[in-house]
Amino acid sequence: MNDKLYFRLQYASGGIVGDYTITLNAKNYTGTQFAAAVQSKITAETSGAATTCTYDNQSRQMSVHVANLDLNFFTDEELKDPQYNIGWN
C-alpha cells in the first residue's frame with residue numbers, strides 16, 4: 001500500500017528538527033482533499049506546527065509550508081540511502 005509520506009523538518013541553517021512519517025487514509029482524493037489531509041496529518045504529527053497545504057488545480061501541484069522550517073519529503077530511494085541519516089519519530 002502506498003499510504004505513507006516520510007519527511008524531515010529542518011532549520012534553514014541545516015539543523016534537523018525531526019524526521020516524521022504520516023499515514024494517509026486509504027481513499028480516492030481530489031487535489032484539494034489530499035492537501036487538506038496532508039496538512040491535518042503533518043500538524044498532528046508535529047504537535048501543532050503551523051502547517052499550510054494548498055493545491056493548484058491548474059498546475060496540479062501541491063505546496064506545503066511548515067512554520068519557519070524547511071520541509072523535505074523523501075523518495076523510496078532516499079529512504080535507503082545512508083547519507084540522509086534518517087531517524088524516524
Side-chain angles (χ1 to χ4, degrees):
M1 181 172 286
N2 189 13
D3 63 349
K4 295 188 184 327
L5 290 175
Y6 301 89
F7 66 97
R8 172 175 285 167
L9 294 178
Q10 62 187 45
Y11 300 106
S13 62
I16 296 171
V17 174
D19 293 327
Y20 302 90
T21 304
I22 58 173
T23 303
L24 297 166
N25 297 330
K27 65 181 251 180
N28 291 321
Y29 293 93
T30 66
T32 302
Q33 290 170 332
F34 184 74
V38 169
Q39 178 174 322
S40 175
K41 295 286 185 172
I42 289 175
T43 300
E45 185 64 28
T46 59
S47 301
T51 304
T52 306
C53 295
T54 56
Y55 179 76
D56 184 307
N57 284 315
Q58 288 185 337
S59 67
R60 295 185 178 179
Q61 292 183 345
M62 182 176 71
S63 298
V64 183
H65 302 279
V66 180
N68 293 317
L69 300 170
D70 291 341
L71 172 90
N72 297 303
F73 286 105
F74 291 96
T75 66
D76 290 339
E77 291 304 311
E78 290 169 332
L79 291 171
K80 298 174 193 172
D81 191 331
Q83 82 172 352
Y84 292 104
N85 190 29
I86 298 170
W88 300 113
N89 289 335

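Keep in mind it's a predicted model, so treat the numbers as computed, not measured. Below, all heavy atoms of this structure are taken into account, side chains as well, without hydrogens, waters or symmetry copies.
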* Asked: From Asp3 CG over to Ile22 CD1, what is the distance, rounded to the nearest 0.5 angstrom?
  -> 10.0 Å
* Is the number of heavy atoms from other residues, nucleotides or ligands within 6.0 Å of CG (Asn2) greater than 12? -> no
* Structure fact -> Rounded to the nearest 0.5 angstrom, the CD-CD1 distance for Gln10 and Ile16 is 6.0 Å
* **For Glu77, side chain to side chain contact (heavy atoms under 4.5 Å, CB included) partners two or more places apart** => Thr75, Lys80
* Structure fact -> Residue set satisfying side-chain hydrogen bond (donor to acceptor under 3.5 Å, both in side chains) with Thr30, at least two apart, ordered chain then number -> Gln33
* Closest heavy-atom pair and its distance - Ala35, Cys53 -> O-CB, 3.3 Å
* With side chains defined as the heavy atoms from C-beta onward, is the minimum distance between Phe7 and Ile42 less than 4.5 Å? -> yes
* Asked: Are side-chain heavy atoms of Tyr11 and Leu69 found at a separation under 4.5 Å?
  -> yes
* Without swapping roles, check the side chain of Thr43 against the backbone of Gln39 for a donor-acceptor pair under 3.5 Å. => yes
* Asked: Should we say atom CZ of Phe73 is surrounded by more than 12 heavy atoms from elsewhere, each under 6.0 Å from it?
  -> yes
* Asked: Which of parallel (below 30°), tilted (30 to 60°) and perpendicular (above 60°) describes Phe34 and Tyr29?
  -> perpendicular
* Structure fact -> Shortest non-hydrogen pair, Tyr55 vs Asn57, comes out as CE2-OD1, 3.1 Å
* Asked: Got a sec, which residues hit side-chain hydrogen bond (donor to acceptor under 3.5 Å, both in side chains) with Lys4, two or more places apart in sequence or on another chain?
  -> Thr23
* When you look at Asn25 and Lys41, which way does the side chain to side chain contact (heavy atoms under 4.5 Å, CB included) test go after all the steps? -> CA-CA 10 Å; Asn25 297 330; Lys41 295 286 185 172; 4.0 Å; yes
* Asked: Once you round to the nearest 0.5 Å, how far does OG1 of Thr54 lie from CD of Gln61?
  -> 10.5 Å
